[in-house]
Each structure stands twice: as C-alpha cells, then as structure tokens.
Amino acid sequence: MPPVKTATLRDPADLSEEEAAAELADLAARIAEANTAYHVHDAPIMPDAEYDTLFRRNAAIEARFPDLIREDSPSRRVGDAPAAGFAKSTHGTPMLSLDNAFDAADFAEFTARIRRFLNLPAEEPLRFVAEPKIDGLSVNLTYENGSFVRGATRGDGTVGEDITQNLLTLKQIPRRLKGDHPRRIEIRGEVFMTKPDFLRFRDDQILLSEGRERRREAGERAGEAVRIPANPRNAAAGSLRQLDPAITASRPLRMFAYAQGDSSEPVADTHSGYLDRLRSWGFQVNPLSESLDEADIPAFQATMTERRAGLEYDIDGVVYKLDRLDWQARLGFVGRAPRWAIAWKFPAEQAQTILLDIQIQVGRTGALTPRAIMQPVNVGGVMVQHATLHNEDEVARRDARIGDTVILQRAGDVIPQIIGVVPDKRPKDAAPWEPPTTCPACGSPAVRPEAEVVRRCTGGLICPAQQVERLIHFASRRALDIEGLGIENVELLHREGLVSTPADIFRLHRAEAVARMRTFPGWGAKAKGESKKITNLLAAIEDRRAPPLERFLFALGIRRIGDQNARLLARHYGSAQAWRDAMLAARVIGSEAREDLGSIQGIGPSIATELVTFFEEPRNLAALDDLLSETRPEEAKAVSGALAGKSIVFTGTLTTMTRPEAEARAESLGAKVVKSVSKKTDYVVIGADAGSKATKAAELGLTTLDEDGWRKMAGFA
Ligand code: IVH
C-alpha cells in the first residue's frame with residue numbers, strides 16, 4: 001500500500017467555491033472507491049490513516065461550504081465504510097433502510113400492497129405506529145444479560161463500526177436494562193443533536209476555529225483544523241466518529257430508540273408494545289410517536305408537516321410501521337427495505353428571496369457556470385445565499401434577471417436550487433441577463449460550441465482558474481505519470497507560486513525553487529543534508545523530460561484529446577514539433593493542414609475544431625513552446641501495415657483467442673477498436689454466432705474477415 005501522504009492541504013477557508021466543489025467531487029470518488037475496495041473486494045487500496053485523512057478533509061470542506069454538500073457525499077452516505085480507527089462490528093440482523101412515500105397516493109399504494117401480500121380484505125383495519133423520522137445516525141446497541149456490551153454504527157447495513165466507548169458517554173443509553181429483559185437483544189435507535197444544541201455547538205466551533213486561524217496567521221502552533229458542522233446531522237455524525245470518547249462526551253448528543261434487531265426471545269406482539277418495553281428498560285422513545293388507524297394517517301402527516309419547523313430537532317418525514325409484529329414477520333423485506341414500514345417524506349422546503357447578482361465561476365475544466373447571489377434567506381433551517389444556475393440556458397429558461405424575486409428550494413434538503421421567478425415582483429428596469437463572451441478569470445474568449453450547453457474558456461494552459469486542474473492532469477498517472485506530483489503537491493506548488501504552467505514543473509530543479517520548497521512544512525531537510533522528498537520529486541520529473549509523444553499530447557489536456565485521440569495524433573504526426581506546426585497551419589479553414597487533420601481516422605471535425613481553438617489562443621501556444629523548450633517528447637514510431645489508422649469491429653466469438661487479446665493486438669498494430677458498425681468502419685471481424693453487427697456489415701458492404709483472415713492480417717501464424 002502506498003504511504004500516507006503528509007503534504008499540507010490547503011486550508012478550506014482559502015478555497016474558492018469552485019475549487020471546493022471540485023475537491024469534494026474528487027474526495028467523494030476516492031472515498032467511494034476505497035469503500036468498495038474495502039467492503040466489496042476486501043482488498044483495501046489505502047492505509048486506514050489515509051482514508052481517515054480523506055474523510056476528515058471532506059468534512060472540513062463541507063463545513064466551510066455547506067451549500068456544496070453532495071448527494072453522494074461520504075458524510076451523507078448510508079453505506080459508509082467503517083471509519084478507520086474503529087473495529088468492525090457485524091450486526092445480528094441487518095440494519096435496513098426504508099422506502100419513501102411522498103404523498104397520500106404513495107401511502108395508499110403501500111397499504112394496498114400490505115393487504116395484497118397478507119390477503120386481507122379491504123375492511124380489515126390496519127394499525128400503524130407513527131414515529132417522526134429524525135435525520136441523525138442510526139445505531140445498534142447490543143445487550144447481553146441486561147448489560148450494554150456493544151454499540152455500532154449502521155455502516156453498510158451488515159457491518160458497522162464499533163463505537164461502544166463513544167456511545168457509553170450518552171446519558172440516554174442505559175448501561176443496564178431495567179426490569180425483565182431477554183438474555184440477548186439488539187436495540188436500534190437514532191442518535192441526534194437538537195437544533196438549539198447544534199447552534200451553540202457550532203458557535204463554539206467557530207470561535208475555536210477563529211482562534212486557530214489567528215494562531216496560524218501569527219505563525220504559532222495552531223493545532224488540528226476545527227470542523228464547523230453544516231447541520232445537526234453532520235454534527236452528530238462527527239461527534240460519534242471521534243476516536244477519543246472524551247470528545248464525544250462533551251457533545252450534546254441524544255438518542256431515541258425505535259426498532260429491534262436480533263433478540264434471543266420475542267419481547268412483544270406489537271410494535272407499540274415493543275416501544276412500551278423500550279421505555280420500561282430505560283430508553284427514551286420519541287414522545288410524538290403515536291399508534292394510529294390507517295384512516296387517520298394523512299391527517300397525522302399534515303399535522304407533523306405543520307409542526308416540523310417548531311420541533312427542537314430536524315425531521316424529514318414520518319415513519320409508519322405496521323403495528324402487528326406477526327404481520328411484519330410475514331411481510332418481510334424487499335431488497336433492503338421492509339414491506340411493513342415506510343417513510344413518508346415532507347416536501348422539499350421553499351423560500352423566496354431577491355436575486356442580487358449573477359456571477360460567473362470558471363471551473364477547473366474551463367466551464368463557465370453562472371451562479372446566483374441572493375439576499376440571504378432561511379430555507380428549511382439553513383441560511384442560503386448562493387445557488388448554482390447550472391448553465392446559461394437555465395438562466396434563459398427561467399428568464400432570471402437581476403432584481404427578480406426567485407423561489408428557492410433545497411433539493412434533498414441540502415443543495416439550494418432556484419426553481420422559478422415571481423414575474424409579478426419583477427422591477428420594471430430588470431434587463432435579461434447576457435452570458436459573457438470572455439473568461440472572467442483570464443480574458444481569453446469564452447466560446448460555446450454548437451449543440452453544447454456549456455460555455456468554456458479557451459485559455460487552457462494559461463487561465464488561472466484552470467491551471468491547477470491542468471497541472472494535476474499533466475502529472476497524473478495516465479499522462480506524464482510524475483511520481484510524487486499528486487493533487488496535494490500540485491496544489492501546494494501552485495499556491496506557493498512555483499508552478500503555474502507545465503513548463504514550470506521542469507524548472508523546479510533550479511536553485512531558487514529548491515530553496516523555496518525546502519521551506520514547505522515537512523519538505524525541508526532536517527539538517528544540512530539532502531531533503532529526500534525534494535530529491536525524489538526532482539528525480540521523478542527528470543525521468544519524464546522525454547515522454548512518449550502520445551502521453552505528452554494527452555497531458556496537455558486539450559478538450560476531447562483523450563488518450564485514444566492523442567495516440568492517433570502521435571502516430572499521424574510523429575513528433576511534437578511536426579504536430580505543433582501542423583496545428584498552427586490548420587487554423588486556416590480549407591488549408592492542406594486542416595484537410596490532413598480531418599483525414600485522420602477517428603479525428604472528426606469537432607475534435608479538429610477543439611485542437612484549432614486551442615492554438616488560436618496565442619498564450620496557449622506560448623505555454624506549449626515554453627514546455628517544448630524544457631522537454632523532448634519522444635518521436636512516435638510510425639505504425640505501418642494494413643491496420644494502421646484503421647477502425648475495426650469484432651463481433652461474435654473467436655475460437656483461438658479471447659476478445660480482449662484480439663482487441664489489444666489490433667490496437668498494437670495501430671487500429672482503432674470500435675464497438676459498433678458504421679459506414680466508416682474499415683474491417684469487421686466476424687466470429688462464431690455473430691448477430692446484427694455482421695448483418696449490418698453486409699448491408700453496408702464493408703470489408704469482413706473471418707477468424708482465419710483476421711489471424712493472417714494480424715500476423716498470427
Ligand atoms: S426504522 C427496518 N424508525 O431512517 C426499519 N428508522 O431510512 C429501519 N430513522 O437508517 C429503520 N427515524 O437512520 C426507523 N423512527 C424511525 C426512524 C428511522 C429515523 C432513520 C434511520 C434509518 C433510516 C432508514
């Protein structure tokens with residue numbers, strides 16, 4: 001496993017919203033990948049400490065940018081992997097999730113399904129227990145002989161993390177069950193923070209964090225970053241995930257018990273009876289829980305919708321559970337949700353406010369995104385003042401104008417969206433909004449290709465908003481693959497002003513740069529000797545001064561030039577210089593160079609346009625020439641032979657080799673393997689039992705080969 005990265009991360013407070021969003025996206029992907037590796041493949045891809053660092057980084061950025069919390073954020077995921085530092089704990093019975101209902105019709109469908117399943121007549125009354133659905137964290141508490149022996153988070157539903165020591169600090173979790181109890185039982189409930197407790201706690205964290213900032217700025221030891229939770233759920237989650245139970249103890253956490261897991265003997269006949277037993281053992285059961293007839297449920301839901309805002313904790317709906325446990329047992333589960341319970345969710349919360357401005361953000365990929373700046377407004381308990389407008393069509397569709405009164409909604413109750421404007425409240429002088437034609441970050445032309453929704457900055461290598469992303473891409477594994485130049489180090493070097501374009505990477509060996517790098521925390525040599533970190537990095541960079549041409553072209557990060565197209569260009573032009581000169585010449589429509597570019601198999605007109613657009617910005621050319629003065633990309637081996645530059649489709653089963661082997665061979669011979677047959681396809685290899693692709697090849701009159709023909713062409717014996 002790779003070592004833990006120790007490079008300093010940028011303080012979340014220094015990130016732009018765009019950078020934060022990009023990093024959150026990246027973190028979500030990396031953590032998800034780590035989760036899958038850990039849980040599904042049982043083959044961790046990173047050390048626990050690194051996982052923990054990523055997780056904490058995600059939480060720190062979310063605390064600064066609550067508007068940016070993603071639907072798939074690791075902090076929101078139900079199927080979180082057990083956090084590093086906690087032992088795994090397997091639940092006696094799985095901890096399930098609930099299906100959702102959004103209106104009375106959904107609820108009626110739920111009860112109809114119960115009746116169908118149990119074969120009950122329509123007159124048979126169904127009783128339910130209604131419980132407010134608190135947005136906290138579900139936990140599983142195991143009691144043996146009446147003593148609390150283990151407490152775990154839900155985790156992925158089957159295996160959670162053992163947080164016994166932390167749960168022991170909650171006053172509302174009895175250490176011993178009072179009165180009669182089964183020999184062994186699992187009790188489930190929700191740990192949460194009330195809204196007033198959350199606000200106080202957050203204020204404390206803000207004070208702490210400001211103190212830390214001051215110390216940091218004064219160059220003093222500042223201690224670990226202070227997390228400012230975005231909402232009560234995150235606060236509760238963060239508090240339970242502390243490795244030090246003393247910290248959990250200092251947090252105002254509560255718990256309501258509401259479900260049972262494994263039990264050595266039955267403890268009740270009905271869910272309401274079970275809740276009574278929970279109370280008798282010493283648990284808190286939500287006092288708003290109520291036993292109801294089916295017919296009274298829509299009214300109860302309406303009452304709770306009204307009461308919601310006034311409750312001292314956040315709820316996002318009401319859970320309805322069929323009261324009779326024998327029926328629950330017969331109904332069982334579909335997938336991960338019981339047939340006998342449903343969560344009837346409240347509608348997303350809306351609010352109106354004034355649109356003060358539409359600003360343009362330049363993403364790390366050069367995408368220009370309009371962003372709404374609004375008069376701050378409370379939407380479902382969270383102050384909101386920014387919302388993304390996604391793209392310019394969206395602004396046009398809503399005809400959102402500065403000064404308009406807009407209707408805001410928090411989707412999934414977290415990410416704010418403008419869902420419409422109130423035309424009656426429009427100021428008379430409000431003018432339609434016009435998208436910019438230049439990039440606000442670098443001044444390069446911002447263009448919107450036909451048939452695309454996104455306007456982009458064309459200042460690829462020189463636009464400050466895109467530099468970090470470009471540099472990360474440049475050094476990444478599939479591009480130049482510079483060991484030691486990952487996201488964190490690129491960000492650090494960029495922030496410190498040492499690297500802004502790819503060429504700068506190759507100047508890091510200069511004495512001034514080395515001297516600066518030695519001042520980075522953890523980078524400098526302890527004494528006078530060499531700093532291993534810097535030596536290794538510089539060696540890795542030197543090692544890439546003569547990269548294969550296709551990698552070099554891919555590393556430039558020109559839109560639509562992925563590794564496939566880079567390979568096609570490398571083969572066609574042979575050298576970086578030849579390619580550069582040809583691209584310059586190809587700027588003239590109708591020129592020989594443009595024709596030549598268009599003639600490359602696999603390079604269509606839109607890709608040609610992207611290439612030319614890149615070269616139309618003189619500063620891109622300057623950055624490329626600068627890079628070429630520092631590097632010597634290898635010349636590409638021109639591939640010749642029947643397959644060079646041809647496209648080939650494989651269909652049916654080959655008997656003498658596997659499909660991947662055949663495809664790899666075709667690629668190594670310079671062919672482009674494509675999935676579907678079109679009139680542009682050069683060869684179609686037809687194996688046994690080929691279907692529609694073979695028919696289509698015949699219809700189009702394409703050159704087809706059988707397996708023998710393919711073997712000959714590919715040079716197999
Ligand atoms: S019962 C099989 N009851 O909702 C029943 N869950 O979507 C599974 N939740 O992970 C859970 N209040 O975090 C149940 N009164 C309640 C609940 C509740 C909140 C949460 C819990 C669970 C999620 C399921």
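Atoms considered below: every heavy atom in the structure, side chains included; atoms not considered: hydrogens, waters and symmetry mates. First listed ligand is number 1; within each ligand, the first listed atom is number 1.
Residues Pro298 and Phe107 have side chains not in contact (no heavy-atom distance under 4.5 Å, counting atoms from C-beta outward). Residues Ile297 and Val318 fail the side-chain proximity criterion, which asks for heavy atoms closer than 4.5 Å.
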After noting the C-alpha distance and the side-chain angles of Asp314 and Arg308, does the key distance pass the side-chain contact (heavy atoms from CB on, under 4.5 Å) rule?
-> CA-CA 8 Å; Asp314 275 341; Arg308 173 187 190 182; over 6 Å; no
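For ligand 1, none of its N or O atoms has an N or O atom of Leu96 under 3.5 Å away.
In Glu190, the part holding a heavy atom less than 4.0 Å from any atom of ligand 1 is the side chain. With a heavy-atom cut-off of 4.0 Å, Leu98 touches ligand 1 through backbone and side chain alike. At a 4.0 Å heavy-atom cut-off, ligand 1 does not touch Met95 at all.
Annotation: the span from Leu322 atom CG to Leu126 atom CG amounts to 6.0 Å, rounded to 0.5 Å. To the nearest 0.5 angstrom, Asp269 atom CG is 7.0 Å from Leu325 atom CG.
Using a 4.0 Å cutoff on heavy atoms, Arg188 does not count as a contact of ligand 1. Heavy-atom separations between Ser97 and ligand 1 include at least one value shorter than 4.0 Å.
Not less than 6.0 angstrom separates the ring centroid of Tyr274 from the ring centroid of Phe283.
Residue Pro338 approaches ligand 1 through these ligand atoms, each under 4.0 Å from one of its heavy atoms: 2 (C). Close approach of ligand 1 to Glu131 (heavy-atom distance below 4.0 Å) involves ligand atoms 3 (N), 15 (N), 16 (C). Residue Ser138 has at least one heavy-atom neighbour below 4.0 Å for each of these atoms of ligand 1: 10 (O), 13 (O), 21 (C). Under a 4.0 Å criterion applied to the non-hydrogen atoms of Ile134, ligand 1 contributes the atoms 12 (N), 19 (C). For ligand 1, the atoms closer than 4.0 angstrom to any heavy atom of Arg154 are 10 (O).
Here the rule is side-chain hydrogen bond (donor to acceptor under 3.5 Å, both in side chains) with Glu17, and of Gln361, Arg371, Arg64 only Arg371 fits it.
Of the candidates Gln260, Lys133, Lys321, His271, it is Lys321 that places a heavy atom closest to atom 3 (N) of ligand 1. Distances from atom 17 (C) of ligand 1 to the heavy atoms of Tyr320, Phe256, Phe333, Tyr258 show the closest one on Tyr258.
Checked for salt-bridge contact, Arg113 and Glu109 miss the test: no charged N lies under 4.0 Å from a carboxylate O. Ion pair Arg127/Glu294 not flagged as a salt bridge, since none of the NZ, NE, NH1 or NH2 atoms sits closer than 4.0 Å to an Asp/Glu carboxylate oxygen.
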